[in-house]
Structures are given as C-alpha cells and as structure tokens.
Amino acid sequence: MVTMNRNKVVIVGTGQVGATAAFAIVTHGLCNELVLIDHFAAKAVGESHDLDDGSEFQDRHVKVRTGDYADCSDADIVVITVGRKPPANSTRLAELGFTVGLVGDVVDHVMASGFDGVIVMVSNPVDVMAWYAWKRSGLPRTQVLGTGTALDTSRLKTIIGEETGLDPRNVGGFVMGEHGDSQFAAWSTVSLGGKPFARFLADNQDRFASVSTAEIEEKTRMRGNEIVAAKGGTNFGIASTVAGIVQTILWDERRIVPVSTLLDGEYGEHDVFLGVPTELRANGANEIVELDLTDEEHAKLHHSAELVRSYCEGLI
Ligand SMILES: NC(=O)C1=CN([C@@H]2O[C@H](COP(=O)(O)OP(=O)(O)OC[C@H]3O[C@@H](n4cnc5c(N)ncnc54)[C@H](O)[C@@H]3O)[C@@H](O)[C@H]2O)C=CC1
Ligand SMILES: CC(=O)C(=O)O
C-alpha cells in the first residue's frame with residue numbers, strides 16, 4: 001500500500017538566513033510544502049514566488065507559498081530565523097536584547113495555532129533563544145532545539161580540510177558548548193580517516209608540520225565574525241545546516257548532530273541549552289551522547305553553561 005507522506009515546514013523570518021534556508025530545503029526536495037512568514041509580508045511573497053519559479057528545474061516539486069501562523073497548526077517543523085543581520089565586531093550574546101521580544105512574540109503565535117511539531121531555532125543568541133522558546137512554548141524538550149554548534153562543527157571540518165587538502169567529510173568529532181565565543185573544539189573527539197587527529201598529524205609530520213590545532217580552533221571560532229565583516233552576514237553555511245537538520249528530522253534519519261538541546265544532568269549540567277551531540281529523530285532531539293571529554297574540555301563546557309545560563313536569567 002502506498003502511504004501519503006505529506007510533510008510541511010514553516011520558516012518564520014525570510015531575511016537573508018530564512019530565504020537561503022528555504023532555497024536549501026527546496027533544492028534538496030525535503031518536504032511537500034514550505035510556508036514562509038515574515039512581518040514584512042511583501043518580502044515573504046517575493047521570496048516564495050522567486051523560489052517557486054525554479055520548479056521546472058528542481059528534482060522534486062516543493063510547493064512554496066506565504067502564509068500566516070494558522071499554517072503552523074499542522075506543520076512538522078517551524079524554523080525561526082527572525083532577528084537582524086549580525087552587526088560587525090559584536091557577539092551573538094549581544095543580540096539578546098534585540099531578538100528576545102521578536103522570538104517571544106513568534107513562539108506565542110506558533111503555539112496559539114495548536115502547533116505540536118518541532119521548533120528549530122536559528123535566531124541568535126541561539127542557545128538562549130532555544131531555551132527561551134522551550135520554556136515559553138511548554139513543548140517537551142525533544143520538540144525544541146537550536147542549530148547549536150552544528151555549523152561550528154561543519155566549519156571545523158571544513159578548515160581541517162583546507163589545512164590538510166583532504167575532503168572535510170573525512171573528519172569526525174565535534175565543536176561543543178555555546179554557539180558563540182565560548183565554544184570549544186573537543187579535540188579528544190576529533191579524528192581524520194578514523195585516527196585521532198593529533199595522532200594523524202604526528203604520523204604525517206612531513207606533510208602537515210605547519211598545521212596547528214590551536215590555529216584551527218581559533219579560525220573556527222572566528223569564522224562567522226570574519227564572514228560578517230566581509231559580506232554583512234552569513235547565510236549559506238547556516239542554510240545547509242538548517243536543511244541538514246530538517247532532513248534528519250523529517251526523514252527520521254537518526255543522525256547524531258551537535259544541536260542545542262536541554263542538558264538535564266548530562267555532562268553534570270542542568271537547565272541550559274548547549275551544542276552537544278544529539279540523536280535526531282522524527283520527534284526531534286532525543287538522546288544526548290555523553291562523550292568521554294578530558295577534564296579541560298569538561299571545564300570549557302561548564303564555562304559555556306554558566307555563561308548561557310546567566311543570559312537566560314530573568315527572561316521568564
Ligand atoms: N544560529 C546560527 O548559526 C546563525 C544564526 N543567525 C541569526 O539569524 C537571525 C537572522 O539573520 P539574517 O537573516 O541575516 O537577518 P535579516 O535582517 O536578513 O532577516 C531577519 C528577518 O526577520 C524578519 N522579522 C523580524 N521580526 C519578525 C517577526 N516578529 N516576525 C516575522 N519576521 C520578523 C525581518 O523582517 C527580516 O526579514 C539573526 O539573529 C542572526 O544572528 C545567522 C547566521 C547563523
Ligand atoms: C552569524 C552566526 O551566528 C554565524 O554565522 O555563526
């Protein structure tokens with residue numbers, strides 16, 4: 001028997017990030033229906049028509065249209081990308097004052113529709129905003145997640161690829177903690193071609209003598225800021241990340257992705273959302289993988305947790 005797989009994604013905020021994420025979802029043919037909402041309604045209309053106009057040349061037709069919050073009632077996923085382009089020479093945490101009111105308003109409207117799917121938070125500061133959306137929505141922890149350090153992990157792999165000349169997809173491991181300046185590369189988890197990365201470098205000193213883990217980590221941390229300084233925002237990396245997360249959830253792929261999720265005792269932390277490896281299923285963020293971090297890595301995760309929690313204080 002053929003069963004109808006009818007799935008629907010809503011993106012709220014069709015600025016640079018939301019529109020590019022929509023394009024990634026369309027080009028990958030991830031869902032049947034994609035609905036765009038923006039408080040600047042004409043922008044959402046323009047983006048939806050522009051996206052739909054390529055239908056002839058897409059592998060699968062994703063119906064793109066504008067809508068309103070009533071469309072969230074039967075949506076599988078709502079992606080929240082409201083905010084503003086990141087100011088240069090600032091931090092993501094500094095965006096809190098600008099973003100929190102917008103996100104609160106969006107979450108209230110989404111929940112008023114009767115939504116019972118998964119919220120994917122993108123707006124910065126993403127760990128604080130994911131925690132806030134979880135608290136404000138009343139949804140179970142599985143159903144609210146942020147993009148977390150998924151983008152930073154992809155950046156780390158890309159930069160290792162640049163430094164070694166190898167395909168970044170050969171790299172395993174995670175950037176963890178805050179999607180922000182306190183993030184860290186959990187080097188004890190990073191491998192290349194199945195070998196611990198430090199061992200890989202040591203065994204290939206003739207080829208990779210100039211490669212430094214400290215430099216790679218700093219480049220990863222600064223990558224977003226550099227792109228913002230160069231072009232006024234970032235959109236392609238985060239759009240691929242959003243599409244990857246949406247695919248994993250909609251297709252119940254059970255990939256392990258370092259999304260921002262609630263720590264409830266894992267890694268000794270409570271009541272905080274941070275980027276940690278998490279199994280994604282059709283119902284959202286499931287089991288957190290508790291890695292054997294070194295004492296130094298644990299301390300860095302704890303530092304991120306304290307920082308993010310301090311920004312959540314007083315929001316609810
Ligand atoms: N988590 C991550 O890794 C990343 C997060 N971001 C964040 O994504 C957010 C958006 O960035 P951009 O798209 O570059 O900004 P943008 O200024 O291009 O777009 C923001 C959009 O949100 C809309 N908007 C604002 N308030 C709204 C509301 N209440 N309801 C509906 N729509 C509303 C605006 O009309 C605009 O179209 C920022 O917070 C940025 O920091 C950006 C890149 C990566
Ligand atoms: C802007 C931002 O958060 C990023 O590209 O990492």
Side-chain angles (χ1 to χ4, degrees), residues 10-24 35-48 66-69 71-72 78-110 119-133 145-156 158-159 175 177-183 219-245 257-260 273-275 308:
V10 175
I11 297 181
V12 186
T14 58
Q16 195 164 354
V17 171
T20 317
F23 184 62
V35 179
L36 306 182
I37 300 175
D38 198 289
H39 74 166
F40 179 22
K43 174 82 162 64
V45 172
E47 296 295 4
S48 70
T66 47
D68 56 31
Y69 286 102
D71 279 298
C72 299
V78 171
V79 181
I80 300 179
T81 71
V82 298
R84 63 177 175 185
K85 288 186 186 61
N89 303 317
S90 185
T91 68
R92 296 161 180 102
L93 287 169
E95 287 303 282
L96 179 59
F98 184 86
T99 315
V100 67
L102 309 181
V103 166
D105 191 46
V106 169
V107 168
D108 290 351
H109 280 99
V110 170
I119 292 179
V120 175
M121 182 63 64
V122 182
S123 306
N124 274 320
V126 71
D127 304 290
V128 180
M129 288 299 91
W131 175 89
Y132 182 60
L145 58 97
T147 50
T149 48
L151 173 57
D152 310 283
T153 297
S154 183
R155 283 176 173 153
L156 177 82
T158 303
I159 291 166
V175 173
E178 180 209 358
H179 173 62
D181 294 346
S182 73
Q183 66 179 242
K219 276 188 185 173
T220 304
R221 181 178 293 109
M222 297 311 295
R223 188 77 145 206
N225 294 354
E226 267 174 33
I227 299 170
V228 168
K231 61 173 232 179
T234 69
N235 55 321
F236 294 114
I238 185 61
S240 298
T241 305
V242 169
I245 291 170
V257 182
V259 292
S260 189
F273 273 59
L274 287 180
V308 169

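Each ligand, and each atom within it, is numbered from 1 in the order the structure gives. Computed over heavy atoms, backbone and side chain alike; hydrogens, waters and symmetry mates excluded.
Scanning all protein heavy atoms for the shortest distance to atom 19 (O) of ligand 1 gives Gly15 CA, 3.1 Å. Among protein heavy atoms, the minimum distance from atom 35 (O) of ligand 1 is reached at Asp38 OD1, 2.6 Å. The nearest protein atom to atom 38 (C) of ligand 1, hydrogens excluded, is given as Arg84 O, 3.3 Å; this is a heavy-atom distance. Shortest contact from atom 32 (N) of ligand 1 to any protein heavy atom: His39 N, 3.2 Å. Atom 20 (C) of ligand 1 has as its closest protein heavy atom Gly83 O, 3.3 Å. Ranking the protein heavy atoms by distance from atom 41 (O) of ligand 1 puts Asn124 ND2, 2.9 Å first. Nearest protein heavy-atom neighbour of atom 43 (C) of ligand 1: Thr234 OG1, 3.2 Å. Here the protein heavy atom with the shortest distance to atom 27 (C) of ligand 1 is Val82 CG1, 3.6 Å.
Of the N or O atoms in Lys85, one or more lie within a sub-3.5 Å distance of an N or O in ligand 1. For the pair Val17 and ligand 1, the shortest N or O to N or O distance falls below 3.5 Å. For a threshold of 3.5 Å applied to N or O pairs, the pair formed by Val122 and ligand 1 contains at least one separation below that value. Considering backbone and side-chain N/O atoms, Thr147 comes within less than 3.5 Å of an N/O atom of ligand 1. Remark: ligand 1 and His179 share an N or O pair separated by less than 3.5 Å (distance only, no angle test).
Taking all atoms of both residues into account, the shortest heavy-atom contact from Cys72 to Val78 is SG-CG2, 3.9 Å. Residues Gly224 and Thr234 share a closest heavy-atom pair of O-CG2, 3.8 Å. When all heavy atoms of Ala150 and Val257 are compared, the pair lying nearest together is CB-CG1, 3.8 Å. Minimum interatomic distance between Asp127 and Phe273 (heavy atoms only, all atoms of both residues): CB-O, 3.3 Å. When all heavy atoms of Ala243 and Ala24 are compared, the closest pair comes out as CB-CB, 3.7 Å.
Val128 places a side-chain heavy atom less than 4.5 Å from the side chain of Leu93. You'll find the side chain of Met121 stays beyond 4.5 Å of the side chain of Thr147, heavy atoms only. Counting heavy atoms from C-beta on, the side chains of Leu145 and Ile119 never come closer than 4.5 Å. Contact of the Met129 side chain with the Arg92 side chain is not registered, since no non-hydrogen atoms from C-beta on lie closer than 4.5 Å.
Every atom of ligand 1 with a heavy atom of Thr81 under 4.0 Å away is listed here by number and element: 9 (C), 10 (C). Close contacts of ligand 2 with Arg155, meaning ligand atoms under 4.0 Å from a residue heavy atom, involve 4 (C), 5 (O), 6 (O). The ligand atoms of ligand 2 that sit less than 4.0 angstrom from a heavy atom of Pro86 are 1 (C). Atoms of ligand 1 found under 4.0 Å from any heavy atom of Leu151 (numbered from 1 in listed order, with element): 3 (O). Less than 4.0 angstrom separates some heavy atom of Arg92 from each of these atoms of ligand 2: 2 (C), 3 (O), 4 (C), 6 (O). Residue Asn124 has at least one heavy-atom neighbour below 4.0 Å for each of these atoms of ligand 2: 1 (C), 2 (C), 3 (O).
Thr99 and Glu95 are not linked by any side-chain donor-acceptor pair at a separation below 3.5 angstrom, with hydrogens and angles left out of the test. Side-chain contact, His179 with Asp152: a donor N or O sits under 3.5 Å from an acceptor N or O.
The closest approach between any non-hydrogen atom of Leu102 and ligand 1 is below 4.0 Å. Residue contacts with ligand 2 do not include Arg223, since none of its heavy atoms lies under 4.0 Å from the ligand. Under a 4.0 angstrom heavy-atom cut-off, Ser123 registers as being in contact with ligand 1. Heavy-atom separations between Leu151 and ligand 2 include at least one value shorter than 4.0 Å.
A donor-acceptor pair under 3.5 Å is formed between the side chain of Lys43 and the backbone N or O of Thr14. Judged by distance alone, the side chain of Thr81 and the main-chain N or O of Val17 form no donor-acceptor pair under 3.5 Å.
In this structure, of Thr234, Thr241, Asp152, the residue bringing a heavy atom nearest to atom 1 (C) of ligand 2 is Thr234.
Under the side chain to side chain contact (heavy atoms under 4.5 Å, CB included) test applied with Ser123, the options Leu102, Ile80, Val79 reduce to a single match, Ile80.
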